[in-house]
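The structure under discussion appears below in the form of structure tokens.
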Amino acid sequence: MTKILCLDASFIIRYLTSQDTESIYQRYWSRWKVEGAALIAPTLIMYEVLNAFHRASIARQMTDDEVEEFLELALNLGLTLYGDAQLHREALKMAQEYNLPATYDAHYLALAQRLGVELWTADKRLYNTVCGSLEWVHLID
């Protein structure tokens, strides 16, 4: 049976921008690929990733060419994306239940919960908010 893992934007951004092949994000990604894991996310991940790169460009931390390059890398990661009306409903419930400041993070939680899979994040705030209740949420720091 194929292992399925849900990844959030914070993980993907750090994975794509980590130059060191020995970074923790690179090591996890390599391990999951070797294991043949299926990597999934809600469709909003690409909006979040592109927005982060665009903001870095505005702050002059990244060139326009780098933004385009990272976008292409993100689009070609092979993530299976999920998006449907019920996922939005489930995300709203989770955002309310965990008193999240926005529903973006709740979409990752809702998708992982729906499929009964682990969620991997680099977002300490999200992890700290739910770690006492959702043991399937893992922080890579």
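Only a predicted model underlies this, so the values are computations on that prediction, with no experimental measurement involved. In what follows, every heavy atom counts, from backbone to side chain, and hydrogens, waters and symmetry copies are set aside.
Contact annotation: the side chain of L81 never approaches that of L44 to less than 4.5 Å [non-hydrogen atoms, C-beta and beyond]. With contacts defined as side-chain heavy-atom distances shorter than 4.5 Å, the pair Y108/V137 does not qualify.
A distance of 12.0 Å separates CD1 in I13 from OG in S18, rounded to the nearest 0.5 Å. Here CD1 of I45 is found 5.0 Å from CD1 of I12. Values are rounded to the nearest 0.5 Å. We find the CZ-CG distance between F53 and L73 to be 8.0 Å, quoted to the nearest 0.5 Å. Distance check: Y28 OH to L7 CG gives 12.0 Å after rounding to the nearest 0.5 Å.
The two residues M62 and V67 have their closest heavy-atom pair at SD-CG2, 3.7 Å. Nearest heavy atom pair, residue A91 against residue A110, reads N-CB, 3.7 Å. Listed here is the closest heavy atom pair of T2 and A38: CG2-N, 3.8 Å. Considering every non-hydrogen atom in both A37 and L5, the closest pair reads CB-CD1, 4.2 Å.
Applying the salt bridge (charged side-chain N to carboxylate O under 4.0 Å, His left out) test to residues at least two apart or on different chains, none of the pairs has a partner in residues 40-54. Sorted by first and then second residue, the ring-ring contact (aromatic ring centres under 6.0 Å, His included) pairs with a member in residues 3-23 read F11-Y25, F11-W32, Y15-W29; sequence neighbours excluded. Among pairs with a residue in residues 55-71, none fulfils salt bridge (charged side-chain N to carboxylate O under 4.0 Å, His left out), at least two apart in sequence or across chains. Listed by first and then second residue, the side-chain hydrogen bond (donor to acceptor under 3.5 Å, both in side chains) pairs involving residues 127-136 amount to none (not counting sequence neighbours).
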Would L39 and L77 satisfy side-chain contact (heavy atoms from CB on, under 4.5 Å), going step by step from the backbone distance to the final call?
CA-CA 9 Å; L39 305 176; L77 286 173; over 6 Å; no

Verify side-chain contact (heavy atoms from CB on, under 4.5 Å) between E90 and Q113, making sure each step is shown before the conclusion.
CA-CA 9 Å; E90 293 164 10; Q113 184 175 60; over 6 Å; no

Using side-chain contact (heavy atoms from CB on, under 4.5 Å), reason through R14 and I140 one step at a time and then give a plain yes or no.
CA-CA 10 Å; R14 284 173 180 82; I140 299 178; over 6 Å; no

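In this view, D141 and K124, L139 satisfy the side-chain contact (heavy atoms from CB on, under 4.5 Å) rule, not counting sequence neighbours. Under the salt bridge (Lys or Arg N to Asp or Glu O under 4.0 Å) criterion, R89 pairs with no residue, sequence neighbours left out. With sequence neighbours excluded, the residues that form a side chain to side chain donor-acceptor pair (under 3.5 Å) with D8 are S10, T121. Taking A74 as the reference, L16, M46, V49 meet the side-chain contact (heavy atoms from CB on, under 4.5 Å) condition, with sequence neighbours excluded. With sequence neighbours excluded, the residues satisfying side-chain contact (heavy atoms from CB on, under 4.5 Å) with H138 are E118, W120.
In terms of modelled atom types and a separation under 3.5 Å, the side chain of S23 and the main chain of Q26 share a donor-acceptor contact.
Side-chain heavy-atom separations under 4.5 angstrom define the hydrophobic clusters, and L92 shares its cluster with no other residue. V117 belongs to a hydrophobic cluster whose remaining members, ordered by chain and number, are I4, I40, Y82, L87, L111, L115; membership requires side-chain heavy atoms of ILVMFWY residues under 4.5 Å apart, directly or through intermediates.
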With a cut-off of 3.5 Å and sequence neighbours excluded, list every side-chain donor-acceptor pair involving residues 93-102.
none

